[in-house]
Every structure is written in C-alpha cells, then in structure tokens.
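In what follows, a structure is listed as structure tokens, so that the remarks can point back to it.
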Amino acid sequence: MIATKLGISKSDSKLTMAFIYVAFISLFIGGLMGLLQTLVRSGSLSLPWGITYYQVLTVHGVILGLVLTTFFIIGFQYALMAKTVGISKKQRLYAWLSFIVMLIGTVMAAVMVLLGKASVLYTFYAPLQAHPIFYFGLALVIIGSWIACFVNFRQLYVWKKTHKDEKSPLLAFMVVINMVLWFIATLGVAAAVIVQFIPWSLGYAETINVLVSRTLFWYFGHPLVYFWLLPAYMAWYAIIPKIIGGKIFSDSLARLSFVLFLLFSIPVGFHHQLTEPGIDPTWKFIQVVLTFMVIIPSLMTAFSMFAMFEITGRRKGFRGLFGWFKHLPWKDVRFFAPMVGMLAFIPAGTGGIINASHQLNNVIHNTMWVTGHFHLTVATTVLLTFFGISYWLIPHLTGRKLTKKINNLGLIQTVIWAVGMTIMSGSMHISGLLGAPRRSAFSEYGGTAQASDWIGYQIAQAVGGTILFIGILLMVYIFLQLTFFAPKGQEEFPIAEEEVNAQPTPLFLENWKLWIGITIGLILFAYTIPFIDIILHAPTGSEPFAWPIGNS
Amino acid sequence: MENAEKQKSEERVETPNLKGTLLSVLLLGVFIIVSWFGVFALFLSR
Amino acid sequence: MHLHKFEKVWLIFGTGSLLLFLLVIGVGAFYKGTHPSSHLETIDLKNIESHEAFQPDNLGVTQVKEDQYIVNFVASAFNYDFGVDDNGKPLKKIRIPKGSTVLFQATTKDVIHGYQVAGTNVNMMLEPGYISRYETVMDETGEFTIVCNEYCGLGHHQMFASVEVYE
C-alpha cells in the first residue's frame, strides 16, 4: 500500500473548489430568490412572465437549504480529511464521482423547478405531485452524497490501519460522525423518494401513504439541520482556537458532544409533526424528551467556547471577569464572522427549544416564527461560519492571500448580515407570534385587522431582505476576489492543537460499533411502535394532485 | 521519577480560572428560561 | 474525562432547566390534556360524507349546550367549507359568543392543509384520510383570521376565513 501524503495537493484543491463553486453560485441564485420573495410579500412587487411566488420559494429552499449546504459541507469535509488523514488517488476519483452524481441530480431537479413542474417547496409533501424527474434528481443528490460518506469512512479506516494505537485526528473524527449521521438520516428520505414518490409519480403506484412519507421526511429533516450545524461546530471547536491564538479546550468533550449529536439528533422527527392528526400524542411526547437530550451537547459547546476564549485571554494577560473578551481578534474576519454566528445561536437555539416544546408548538407551528428561527440557525449561525471558513479555505486552495482589504470587506459583510438578519428574522419572529403564516404569497386575508398588522412586519422583512441581498452581492464579490484575483501567496490552514498537558482522550469515544449501535437502538425505540401504528391504522392512500401546483 | 510524578499531579490540580465563562453561560441560561416562559405565558393566555 | 467544576455547575443548571420545561409541558399534556391535535381517527377520503360531521347540513357552527359549540368544516384547495349562511351563500365568517368552548373538527378532501385561528392556540394540520380536532375556549372578543398555514398549491394564500367572537 502506498502511504498517502497529508496536506492539500493541487488535485485536492480542485476537488474542494468544485464543490465550493456550486455553493457560491447557489448562494447568488438562492439569495436573489429570497430578495424577490420578501418584495412580493411586502406587497410591492408582482412577478413577471407567469413566474409564481411558490416557484421562487421552491428554488430558494432547495438551492440554499439542500444544494448550498450539502455542497459546501462535503467539499469542506474533503479538505479536512485530506489535511488530517490524507486521500488516495482512488478515493479522490470516487470523490469526483460523488460530485458529478450530485451535480447531475441538482440540475435535473432545478430544471423541473424552473419549468414550473415542481413547485412543491423543498419539503415536497405528498399528495402534491411534481414531475418524476424532480424526484429522480433528489434521489441522485442523496446517492451522490452517500459516495462521499463512504469515501470519508474509507479515509479514516485506512489511516487507522497505519496508526493503530493513536486516536484519530479530531477533525477527521468529527467528519466521520457527521457523515454517519447523514447516511443514517438520508436512508429515510431515500426510502420515501425511491419507494414511495418515484413509482407514484410515474403512475406505477396509484396512491401514496401521506403520513408515512411525511414521517420518513422528518426522520431525515431534523438530523439534516444537525448535518448543517456540525461542520460549523468543527470550525468552532478545532479551527477557531488556532485563529485566536489558543488551544482546544478539551478534545474529549468535543468528541463527546459530537457523539451525543449522533445519538440524539435522529430519533426526534416527530417534533416537526406535533400538530398532525395521525400520530399518538404519547409518542410525540417521547420524541420531545429525546429532542431535549440533543440540546445538552449544544449547552456543552457553549461552555467550551466561552472557556476557550477566557483561557486564551487570561494567558495573554487580560484580567477581570470579562477582560478576556477584549483580547479576541475582532478585526480578523476568520474569527469575527463565525463569532457573530455563535452569538446568533443564542436566540436561534432558544427558539428551537420553544418549537420542540410539545403543545407550545401550537403557538408557532407553520407561522413566520419558524421561518425567522431557521434564518437564524442555518442562514446566520451556519452560513456566517461557512463564510468564516471560506476566508481562509478558498485562498489556501487557490494559492492566494486573504489581503487586509478583503479582510475588511469581510468585516463589513458580517456587519451587513447581522443588521439585515436582525431586522428580517426579528420581524419574522414577531409576526409569527401574531399568527402570520409562513410559505404564503402576499394576501390581505379578506382585510382583517390582524392581516394588516402582518403586512407591516412583511415590509420590515423586505427591508431586512434587501440588506441581506447586498450582503450576498458583497460575499460573491469576495468569493471572486479570493478565487481569481487576490495576490498569490500562501494562506494558512488553521488547525488548533491540544494543550501540552491535556488529559488523554478516553478510547471508548472512538468505539464506532458502540455509538452506531446505540444510535440504531434509539431510532428503533422512538420509531418502531408509532411507525407500525401509522401503517396499521392508515387510511386509504392518496391519489396524486398535480393541478394545485400548476403541474398539469 | 518522583519529581516527574509530583509535577504531573501539580499540573492536574491547576485548573483554569473560568469565572467569566460561568457567568456568561448562566446569563445564557437565564435568557433561555425567560424566553421559554414568555412563550409559555402566551400559550396560557390564548 | 475531566469536567471543570463550573462546567458541572452549568450542565446541572442547564439540564435542570430542560427538565423543568419538560415537567411543565408534561403536566399540561398528560394531566390537563393540552396535547397538540392528535385525534388518530381516520375517514374515507373518497366519501367524507360517510362521517356525520362532514355532511353538508352539519357543516359550520352547531350549538351543543349553553357555552358549547362544535365547528365542522371541510378543507380543499383553496377553500374552507363551513356550509352556507341563511341566504344560501358560502359561510366565510363564523360567529361564536364570548366564553364558549369550541371544538373544531375538520378533514381535507384533497391535499394537506393547515388550519390556524391566528391569535389563538388553534393550530392543526389537516391530512387526507384523517380527522383533526382541537378544542379551545374563546374568551376574547374580536375578529380572528383563519389561515391555511401549510402550503397546498398556488392559491394557498387565498385560503382563509374568519371567526368573530362577540359579547
């Protein structure tokens, strides 16, 4: 066997950059759609050429929620793996295959959406029926991502064989946890798409079991958000300490929190289905309890982050209760953007606890509050961290430098994002509490006083949305600079180290069989009985409805 | 040998000062509790 | 694995708060019966009139006792059918006296719909083949907007009605 060389070679750069190109093109298109939505919903714009609000909304959700995130994450993770455990020629070939399969799938789904044949939003709830090619496209995106999973698993496995008594590099461990999580979760949505939607959309199956399809979707839908979040946590735990001149707070606790995410982020999908008629409320509550378990690793993460900042600050001689706060490199965008993302996670996570609180869900279910919530989680916490990664990763890959000027533009971009999102997400949260529904075009709802209150907040959302779009334009400019125009040079790939006298990491944290076994056990516990109930007590299935979305 | 042992145990005793961290996370906890009970009150009042 | 003393304090505090939340909602759900809508009753999607509640004459507001009402309705893209008013026109605004206990009972004829009475806790999904129910006390006067809050197609935002709670 040829030992693989660690570090990022030219071919590795090309690979990760391919994913990042798709991510930034998606950012631009999806962001433009977002702007259009907020303008339509403020009542100040109607779309030309027969384009519907819901078509635009489908593009926005699919391209930002599924395409941008998945491509950026998989590309970033390939870079992390190449850097920490290496990649062989053959693995790289498969990695390219994963990219091509995912890209073909994305293009297939996108064409159907653009033709107006798939205005089903990114959740594609049956019995609304899109064109079969849309579902085939989704299936290919998932299958492509599975190839990436197995490449990453193989990379760590090969490394382990030559490093028998060593613990795996922290970042490689984290990548593999995230991909195990993704693989187990996507089995659900793949089953729905391949077994239910594709035969039904082709006419081979006359009806579809709607509740089963929704349950499979949300079995995937919640771990999906952790699949977005964990790469951000990777950067927080293992990259940010290096940027601020500190060390990893605790390798063991970082791994433990990732293990807890694997265990508890999947058996919790019912908390997205709390107001549905066909699920036993006791089982809903059991999954609510499990949902609360997945909050604990985020509480641990909050502590680790503050502790990492405080220890580093005190070591640099800053004293007092909050003196350490001042030492942080606020003018380094590689720190500043993710830090604003971390701060956004305080209201974002709090909102999430409220959403999952069983009957409290009645207050906010399917209101604009939910939209406001995930614009804080994925579109601020996760996205600003991804931007924070891009500022060093892209120049590292393209052999350029993050110049002072681009750094300062990045600082401005982060501030623009924070301001725009505070306005937009804030007004979404408030109008949601007042009852404004999400996923709806402009409507006066028969002119009620409540609806006119909502419109005021929708105008605020358009203001926030416009500011955010300026932020996107600036970010795309920064991306182009870092990719094609910044001066040649070497940009650091920052990976933090442990303290010299750090406590050894217990070996059981790398007992994959144990963790995957418990994960499966918890899933079986949370889903077996209610799922059998759903199937045994199912009503007759639903025939397709294509006309409501204009697909006929 | 003995010296090394001693040094090691001393390092273990030395715990970092994390007062600011504790206060920060407790403030975060208070924020969560206040927000949660806020929405709970809304639920009860409706 | 070593935990800093303050981290133990934080984790006990944090987990304790989560347990408190669970206790509050658990008591509410299992003792007071405030579960979210989970009726578990199915209906023949092709023949919803096989269920008494959804026969045309039984749609809309029915008084059961003093202070107790049932509201039956059928959702379809893009409309809520509350039956007809005295003039035979489709009812779009239902009226309930203040302080009444109201049971909303509904199903859908086609795709998934939502049903929220904005400004109240009435918020439930309507799914093909299932009956959704939610009971509430309407003790504030005013006009409350009823909105479909689950995407049901291109006319989704035109699917609404209202409830007037009067003295």
Side-chain angles (χ1 to χ4, degrees), chain B, chain C residues 1-29 31-37 96 98-102 104 115-124 134-147 149 163 165:
Chain B
M1 181 69 198
E2 213 186 298
N3 231 343
E5 279 281 341
K6 207 174 160 194
Q7 207 180 347
K8 211 174 169 190
S9 68
E10 260 175 19
E11 273 167 7
R12 208 166 281 171
V13 172
E14 182 229 330
T15 43
N17 178 354
L18 294 180
K19 278 189 191 146
T21 301
L22 182 67
L23 197 64
S24 306
V25 287
L26 288 179
L27 285 172
L28 163 68
V30 169
F31 176 78
I32 294 174
I33 292 173
V34 168
S35 311
W36 194 89
F37 278 101
V39 176
F40 181 67
L42 197 58
F43 174 81
L44 288 183
S45 74
R46 284 180 166 179
Chain C
M1 211 171 340
H2 168 78
L3 279 184
H4 190 280
K5 190 174 75 193
F6 288 167
E7 177 145 23
K8 285 181 195 153
V9 172
W10 164 237
L11 285 179
I12 290 167
F13 176 85
T15 325
S17 311
L18 296 179
L19 285 174
L20 175 69
F21 298 161
L22 284 174
L23 188 72
V24 171
I25 57 179
V27 168
Y31 181 66
K32 302 244 178 196
T34 59
H35 279 296
S37 158
I96 304 279
K98 184 187 167 185
S100 318
T101 303
V102 186
F104 291 95
Y115 181 80
Q116 182 177 19
V117 183
T120 74
N121 291 333
V122 183
N123 192 345
M124 57 192 188
Y134 195 82
E135 193 175 70
T136 191
V137 181
M138 310 280 286
D139 49 13
E140 259 180 74
T141 54
E143 188 183 14
F144 297 90
T145 321
I146 293 172
V147 291
N149 64 8
V163 192
V165 181

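All values below were derived from every heavy atom in this structure, side-chain atoms included, with hydrogens, water molecules and symmetry-related copies excluded. What you are looking at is a predicted structure, and each value in this text was computed from that prediction instead of being measured. Letters go in sequence order (proteins before strands), and every chain restarts at 1.
The line from CG of L28(B) to CG of L23(B) is 11.5 Å long, rounded to the nearest 0.5 Å. To the nearest 0.5 Å, atom CZ of residue F6(C) and atom CG of residue L26(B) are 9.5 Å apart.
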Can you give each donor-acceptor pair under 3.5 Å made by side-chain atoms of residues 18-29 of chain C, sequence neighbours left out, with the distance rounded to 0.1 Å?
none

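Contact check for F13(C) versus I33(B): side-chain heavy atoms found under the 4.5 Å cut-off.
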Distance-only check: which donor-acceptor pairs of chain B and chain C lie under 3.5 Å?
from	atom 1	to	atom 2	distance (Å)
P16(B)	O	H4(C)	NE2	3.0
F43(B)	O	N121(C)	ND2	2.8
R46(B)	O	N121(C)	ND2	3.4

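Using cut-offs of 30° and 60° on the angle between ring planes, the pair F43(B) and F40(B) is parallel.
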